[in-house]
Amino acid sequence: MLTINLIRDQSSHVIERLRVKNFDATEIIDRVLELDRRRRELQTESDAIQARLNTLSREIGSMMKDGRKDDADEARRGIGTMKEQQRQLAETLEEVSSEMQNELIRLPNLPHELVAPGKSADDNVVIRSGGTVPDLDAGAAPHWDLIKKYDIIDFDLGIKITGAGFPVYKGQGARLQRALINFFLDEGGKAGYREIEPPIVVNEDSGFGTGQLPDKEGQMYHVGIDNLYLIPTAEVPITNIYRDVILDAADLPVRNIGYTPCFRREAGSWGAHVRGLNRLHQFDKVEIVQIAHPDRSYEALEEMVKHVESLLASLELPYRIIRLCGGDMSFTSAMTYDFEVWSAAQKRWLEVSSTSNFEAFQANRLKCRFREKGAKQTTLCHTLNGSALALPRIVAALLENNQTPEGIKIPAALVPYTGFGMIS
RNA sequence: GGAGAAAUGGCAGAGUGGUCGAUUGCGGCGGUCUUGAAAACCGUUGUCCGGGCGACUGGACCGGGGGUUCGAAUCCCUCUUUCUCCGCCA
């Protein structure tokens with residue numbers, strides 16, 4: 001959520017920046033400004049009446065103490081109408097405020113200056129790439145065939161136990177999952193991230209804090225009986241650690257990392273290109289989250305990008321890093337880098353990480369602030385997060401790219417974690 | 001799941017209807033003293049929303065929400081959480 005101050009002070013700048021996201025904010029901002037004006041008027045008026053009531057109450061108090069009961073009764077006269085007036089003002093104020101809030105929530109985050117305008121993924125910018133695209137034989141198999149051949153991931157079993165999109169990992173397949181999770185967590189630890197194991201169901205406040213609620217409610221699994229949500233990403237619980245928190249500037253940046261399963265209903269998004277591991281209802285992901293000083297959040301983003309890149313390099317996967325254009329970015333992001341790995345049999349790029357700076361947009365909802373040493377004022381932090389990494393598509397690429405007649409070769413960096421060098 | 005008790009500022013802990021945003025202690029910050037530090041002493045110390053160029057000033061907040069009252073941290077209702085006892089349990 002953008003801050004009202006920003007909109008009040010720089011409305012034309014906001015409108016201009018949002019055009020990069022193909023978003024016409026003029027109408028919403030007009031309404032917000034009008035509601036903001038009314039809100040402040042109403043509050044001034046309501047505060048004044050409340051101040052009079054408070055004074056009267058105090059006076060009545062001292063009259064009672066002095067035993068001047070008649071004076072007190074006299075003073076009480078007319079309070080009823082004032083209270084009624086005050087009640088109505090407060091009610092209107094509440095309506096106007098929540099209406100303003102509702103408008104404010106519809107505005108996406110402003111994209112950073114470097115973000116290119118654009119309509120779709122076609123306008124994204126490839127920043128750099130690495131690794132070598134393997135030269136496979138004509139008969140190279142897609143991962144959905146390989147997992148059957150080696151009996152390491154079982155979709156049918158998942159359908160039996162739960163439903164489509166809930167695979168069962170078996171034997172070396174399960175070991176590979178655990179190896180990747182541990183590898184990613186260990187690398188994060190070396191890079192200075194503190195490991196967190198958060199709850200994987202969250203309450204409404206948390207869902208709202210990171211922006212999944214109210215808009216994307218249908219994308220999360222909801223545990224109705226307890227009104228809790230299965231997390232779509234570890235970002236939700238880990239970032240919500242800092243909800244309603246005031247940090248010291250000296251504590252920034254805060255670096256956290258966590259592994260969790262992630263649950264996504266992905267309602268209505270099934271079709272071509274989602275075979276096998278490409279899209280699941282439950283998958284494993286290691287997430288990195290930073291809370292940064294506003295002046296240094298883009299350094300933090302760079303650092304995260306380098307970290308994710310180093311993981312892909314260690315896994316010896318061909319990858320490319322893309323900076324999303326305005327039209328392809330998420331609602332909440334100010335700048336996003338997507339990481340894609342080449343899937344040799346599918347012959348396409350698969351997104352395995354999305355790493356973003358949300359600047360103060362998320363922090364404003366979360367009320368995540370910091371204070372400079374000695375300062376009285378608090379300032380909103382910047383929040384960032386990125387996948388480091390999401391497992392299924394990494395596994396898909398590893399299987400496809402590393403297939404040999406003898407089996408599937410495990411990259412050297414991972415062998416200490418798997419305990420085997422070949423899936424066969 | 002059943003019965004009881006509780007929730008107050010960074011922490012501890014007073015406060016059961018009238019200048020209580022809240023006594024006090026610890027911690028934090030600033031100062032005096034000191035070569036420096038400690039101790040001692042003095043001062044200061046929450047968040048949010050308004051008004052004002054500013055000095056300053058109005059309002060809200062004592063777990064959340066609602067109610068009673070001229071007036072609520074204090075009384076009532078409700079929800080949540082914590083603790084104790086019982087039951088169940090990895």
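Here the structure is a predicted model, which is why all the values come from computation and not from measurement. Each chain gets a letter, A, B and so on, in the order its sequence line appears, and its residues count up from 1. As a basis for the values below, the full set of heavy atoms in this structure was taken, side chains included, without hydrogen atoms, waters or symmetry mates.
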Visitor: Which part of the nucleic acid does A/R52 contact within heavy-atom distance under 4.0 Å: base, sugar-phosphate only, or nothing?
Guide: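 Since no nucleic acid heavy atom lies under 4.0 Å of A/R52, the category is nothing.
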Visitor: Between the side chains of A/E84 and A/R87, is the shortest nitrogen-to-carboxylate-oxygen separation below 4.0 Å, so that they form an ion pair?
Guide: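 So A/R87 pairs with A/E84 through a salt bridge.
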Visitor: Return the nucleotide paired to B/G30: Watson-Crick means purine N1 to pyrimidine N3 with N6-O4 or O6-N4, wobble means G-U with N1-O2 and O6-N3, both under 3.5 Å.
Guide: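 Partner of B/G30: B/C42.
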Visitor: B/G66 and B/A60: how far apart are their P atoms, nearest whole angstrom?
Guide: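 My reading of the P atoms in B/G66 and B/A60 gives 15 Å.
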Visitor: What is the pairing partner of B/G21, taking Watson-Crick or G-U wobble pairs with both distances under 3.5 Å in any strand?
Guide: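 Because no pair has both required distances under 3.5 Å, B/G21 counts as unpaired.
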Visitor: A/Q50 near the nucleic acid: base, sugar-phosphate alone, or nothing, with a heavy-atom cut-off under 4.0 Å?
Guide: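 A/Q50: backbone/sugar contact only, no base atoms under 4.0 Å.
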Visitor: Remember a base hit wins even if backbone is also touched, and classify A/I60 as base, sugar-phosphate or nothing at under 4.0 Å, heavy atoms.
Guide: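 Base contact.
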Visitor: My understanding is that a pair needs two contacts under 3.5 Å, Watson-Crick or G-U wobble. By that rule, which nucleotide pairs with B/A55?
Guide: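 When the pairing criteria are applied, nothing turns out to pair with B/A55, so the answer is none.
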Visitor: When you compare B/U24 with B/C41, how far apart are their P atoms, in angstrom units rounded to a whole number?
Guide: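 The same atom, P, in both gives a distance of 15 Å.
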Visitor: Which part of the nucleic acid, if any, lies within reach of A/R369 when heavy atoms closer than 4.0 Å are counted: base, sugar-phosphate only, or nothing?
Guide: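 Contact class for A/R369: sugar-phosphate only.
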Visitor: Would you measure the distance from the C1' atom in B/G13 across to the matching atom in B/C62 and give it in whole Å?
Guide: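 About 13 Å, rounded to a whole number of Å.
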Visitor: Using Watson-Crick or G-U wobble geometry with both distances under 3.5 Å, which nucleotide pairs with B/A90?
Guide: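 When the pairing criteria are applied, nothing turns out to pair with B/A90, so the answer is none.
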Visitor: Checking all strands, does A/S62 fall into the base, sugar-phosphate, or nothing category for heavy-atom contacts under 4.0 angstrom?
Guide: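 The answer is nothing, as A/S62 stays clear of every strand by at least 4.0 Å.
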Visitor: Distance check, C1' atoms only: B/G59 and B/A3, in whole angstrom units.
Guide: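 So the two C1' atoms sit 43 Å from each other.
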Visitor: Does any nucleotide pair with B/G4 by Watson-Crick or G-U wobble geometry, both distances under 3.5 Å, and what is it?
Guide: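 WC or wobble partner is B/C83.
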Visitor: Can you give me the first and the last nucleotide of RNA chain B (5' to 3') that has an atom within less than 4.0 angstrom of a non-hydrogen atom in chain A?
Guide: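 Contact span on the strand: B/G18 to B/G71.
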Visitor: Could you tell me whether the side chain of A/K21 and the main chain of A/P117 form a donor-acceptor pair under 3.5 Å?
Guide: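 Judged by distance alone, no pair lies under 3.5 Å.
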Visitor: Cation-pi check, A/R365 to A/F208: give yes when NZ or CZ is under 6.0 Å from the six-membered ring centre and within 45° of the ring axis, no otherwise.
Guide: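 Cation-pi check for A/R365 and A/F208: passes.
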Visitor: Could you tell me how far B/U44 sits from B/C56 if I compare only their P atoms? Round to whole Å.
Guide: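 Per the computed distance, 14 Å lies between those P atoms.
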Visitor: Taking B/A6 as the reference, what is the distance to B/A22 when you measure between their P atoms (whole Å, please)?
Guide: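 About 26 Å, rounded to a whole number of Å.
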Visitor: Within the 4.0 Å heavy-atom criterion, would you say A/R8 contacts the bases, only the backbone, or no part of the nucleic acid?
Guide: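 Here A/R8 touches the backbone only, sparing every base.
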Visitor: Find the partner of B/G36: check Watson-Crick (N1-N3 plus N6-O4 or O6-N4) and G-U wobble (N1-O2, O6-N3) distances, both under 3.5 Å, and reply none if neither fits.
Guide: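 When the pairing criteria are applied, nothing turns out to pair with B/G36, so the answer is none.
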Visitor: Tell me the partner of B/A60, counting only Watson-Crick (N1-N3 plus N6-O4 or O6-N4) or G-U wobble (N1-O2 and O6-N3) with both under 3.5 Å; none if nothing fits.
Guide: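 Paired with B/U47.
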Visitor: Could you tell me which non-hydrogen atom of A/L398 sits nearest to which non-hydrogen atom of A/P411, and how far apart they are?
Guide: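 Looking at all heavy atoms of both residues, the shortest contact is CD2-CG, 3.8 Å.
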Visitor: Paired with B/U68: which nucleotide, if any, by Watson-Crick or G-U wobble criteria at under 3.5 Å for both distances?
Guide: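 Check on B/U68: unpaired, no WC or wobble geometry under 3.5 Å.
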Visitor: Which whole number of Å gives the distance between the P atom of B/A72 and that of B/G54?
Guide: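 About 32 Å, rounded to a whole number of Å.
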Visitor: Do A/I257 and A/R194 make a side-chain contact, defined as non-hydrogen atoms from C-beta onward lying under 4.5 Å apart?
Guide: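 No - every pair of side-chain heavy atoms lies 4.5 Å or more apart.
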Visitor: Rounding to the closest angstrom, what is the interatomic distance between B/A73 and B/G65 at atom P?
Guide: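 Taking atom P in both B/A73 and B/G65, they lie 14 Å apart.
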Visitor: If you find the nucleotide of RNA chain B closest to A/N54 and the one closest to A/R39, which residue's nucleotide is nearer the 5' end?
Guide: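 Per heavy-atom nearest nucleotide, the more 5' residue is A/R39.
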Visitor: Mapping A/T44 and A/T55 onto RNA chain B by nearest heavy atom, which one lands closer to the 5' end?
Guide: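 First, find each residue's nearest nucleotide; the 5'-ward one identifies A/T44.
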Visitor: Are A/D151 and A/K170 ion-paired here, with the side-chain N under 4.0 Å from a carboxylate O?
Guide: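 Answer for the salt bridge query: yes.
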Visitor: Between A/E16 and A/R19, does any side-chain N to carboxylate O distance fall below 4.0 Å?
Guide: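 A salt bridge is absent here (no side-chain N lies under 4.0 Å from a carboxylate O).
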Visitor: Students often get this wrong, so: under 4.0 angstrom with heavy atoms, is A/R76 touching a base, only sugar-phosphate, or nothing?
Guide: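 Base, at least one base heavy atom under 4.0 Å.
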Visitor: Should A/E99 and A/R39 count as an ion pair when the cut-off is N to O under 4.0 Å?
Guide: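 A salt bridge is absent here (no side-chain N lies under 4.0 Å from a carboxylate O).
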Visitor: Taking NZ, NE, NH1 and NH2 as the nitrogens, is one of them in A/R76 or A/D73 under 4.0 Å from a carboxylate oxygen of the other?
Guide: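 Answer for the salt bridge query: yes.
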